[in-house]
K.L.:
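Before we start, here is the structure in question, set down as structure tokens.
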Amino acid sequence: MVTVASTRPFVALITGSSRGIGAATALYFAKQGYDVCINYKSDLASAQLVASEVESFGVRAQIVKADVSQEADVLALFTHIDKEFGQLNVLVNNAGILKPQMPLLDMSAERINAVLTTNITSAFLCSREAVKRMVNGGSIVNVSSGAAKTGSPNEYIDYAASKGAMDTFTIGLAKEVASKGIRVNSVRPALIYTDMHGDGGEKNRVDRLKNKLPLGRGGTPEEVAAAIYFLASEQASFTTASFIDVAGGL
Ligand code: NAP
């Protein structure tokens, strides 16, 4: 079954692609011949580095600053895609944050809301706009987390809960848009070497915990990007509402 438009080159929007898993995913899609929309919130210099690497593969890169937790920013982001690319084949809902480790008893409403709107409201908003545009089918991949299953007690249960919501969102949306030829899947990474762990107040968290994983090591952003690309690609044409754990056996 053909699930994406037949016009080439295909276009992928990867939210939060200035750094980490999103940046690796942008490069992975570029290597496969996709034009890529690189979205960031504040780190323009990193987004520019990713864009020049993307362009080195002979495809187009567009950089768009947008806080994807904010509806007005999301609308502007998609308007930019309409103008510059005229189509969208793949959306990767990757942007996400976590806050310093603490138990629930110390969490403020402000913090909880920031985590939920950045990690899950963003996926609702971006997917809504993507589905409107995927009139010839398409593919959405949500970046969840192993935390959806562990719950991350005493570290960030707000973050873990946002990823649990992401998993339910993946299943519901996949069933809602399957008849439109749009597939919706998810990856659940864990313990990947990126800046994010520093935001939680423990830069070396992966190295502290890696020996507890059956594979005995942390993962790389590129290993997550490969799973995201597989789910988005025609290689996964009969796969929807599905999850790949990229988590070393967690
Ligand atoms: P990261 O290195 O901290 O990168 C986060 C990216 O998201 C950056 O490009 C950042 O942009 C962007 N971003 C943050 N808030 C945004 C917003 N409101 N609007 C637009 N972009 C925003 O994180 P990462 O580790 O690559 O994480 C990527 C995804 O993987 C997240 O959803 C995370 O929950 C998930 N994940 C990561 C791990 C792991 O071990 N690293 C494990 C499981 C799941 P700026 O550069 O402008 O700040």
Side-chain angles (χ1 to χ4, degrees), residues 13-28 36-51 63-74 76-78 91-99 113-126 141-152 155-156 158-167 169-170 186-210 213 217-225 227-228 243-248 250:
L13 164 62
I14 294 117
T15 67
S17 43
S18 44
R19 293 180 289 116
I21 291 168
T25 304
L27 295 182
Y28 205 101
V36 180
C37 182
I38 296 155
N39 158 247
Y40 73 103
K41 183 181 173 190
S42 49
D43 189 347
L44 173 61
S46 294
Q48 286 171 329
L49 278 179
V50 176
I63 301 173
V64 184
K65 176 179 167 76
D67 177 345
V68 288
S69 69
Q70 300 301 312
E71 187 167 28
D73 281 22
V74 170
L77 166 62
F78 279 83
L91 165 67
V92 181
N93 284 312
N94 168 77
I97 54 166
L98 51 71
K99 299 278 187 183
N113 287 332
V115 169
L116 293 178
T117 56
T118 302
N119 293 5
I120 182 65
T121 305
S122 61
F124 276 82
L125 295 174
C126 290
V141 181
N142 294 324
V143 181
S144 174
S145 171
K149 295 193 286 185
T150 66
S152 303
E155 291 192 328
Y156 16 69
D158 50 353
Y159 171 84
S162 74
K163 297 301 186 176
M166 185 76 127
D167 288 0
F169 172 68
T170 297
S186 175
V187 294
R188 278 189 295 230
L191 296 180
I192 308 300
Y193 288 102
T194 70
D195 298 341
M196 175 172 264
H197 305 284
D199 298 337
E202 191 184 357
K203 210 169 145 222
N204 299 322
R205 183 170 180 269
V206 177
D207 285 332
R208 174 172 65 86
L209 294 172
K210 65 183 182 187
L213 294 179
R217 67 171 177 87
T220 65
E222 291 72 24
E223 289 174 307
V224 184
I228 291 171
F243 299 82
I244 296 180
D245 291 339
V246 189
L250 178 76

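All ligand and atom numbering here is 1-based and tracks the order in the structure.
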K.L.:
Got a sec, which residues hit ring-ring contact (aromatic ring centres under 6.0 Å, His included) with Tyr40, two or more places apart in sequence or on another chain?
P.N.:
none

K.L.:
Salt bridge check, Asp43 against Arg19: does any charged N sit closer than 4.0 Å to a carboxylate O?
P.N.:
yes

K.L.:
Could I get the full list of side-chain hydrogen bond (donor to acceptor under 3.5 Å, both in side chains) partners for Asn142, not counting sequence neighbours?
P.N.:
Asn93, Thr170

K.L.:
Going by an N to O cut-off under 4.0 Å, is there a salt bridge joining Asp195 and Lys203?
P.N.:
no

K.L.:
Taking atom NZ of Lys65 and atom CG of Leu44, what is their separation to the nearest 0.5 Å?
P.N.:
8.0 Å

K.L.:
Under a 4.0 Å heavy-atom cut-off, which residues neighbour ligand 1?
P.N.:
Gly16, Ser17, Ser18, Arg19, Gly20, Ile21, Asn39, Tyr40, Lys41, Ser42, Asp43, Ala66, Asp67, Val68, Asn94, Ala95, Gly96, Ile97, Thr118, Val143, Ser144, Ser145, Tyr159, Lys163, Pro189, Ala190, Leu191, Ile192, Thr194, Asp195, Met196, His197

K.L.:
How would you list, by chain and number, every residue that makes a ring-ring contact (aromatic ring centres under 6.0 Å, His included) with Phe243, sequence neighbours excluded?
P.N.:
none

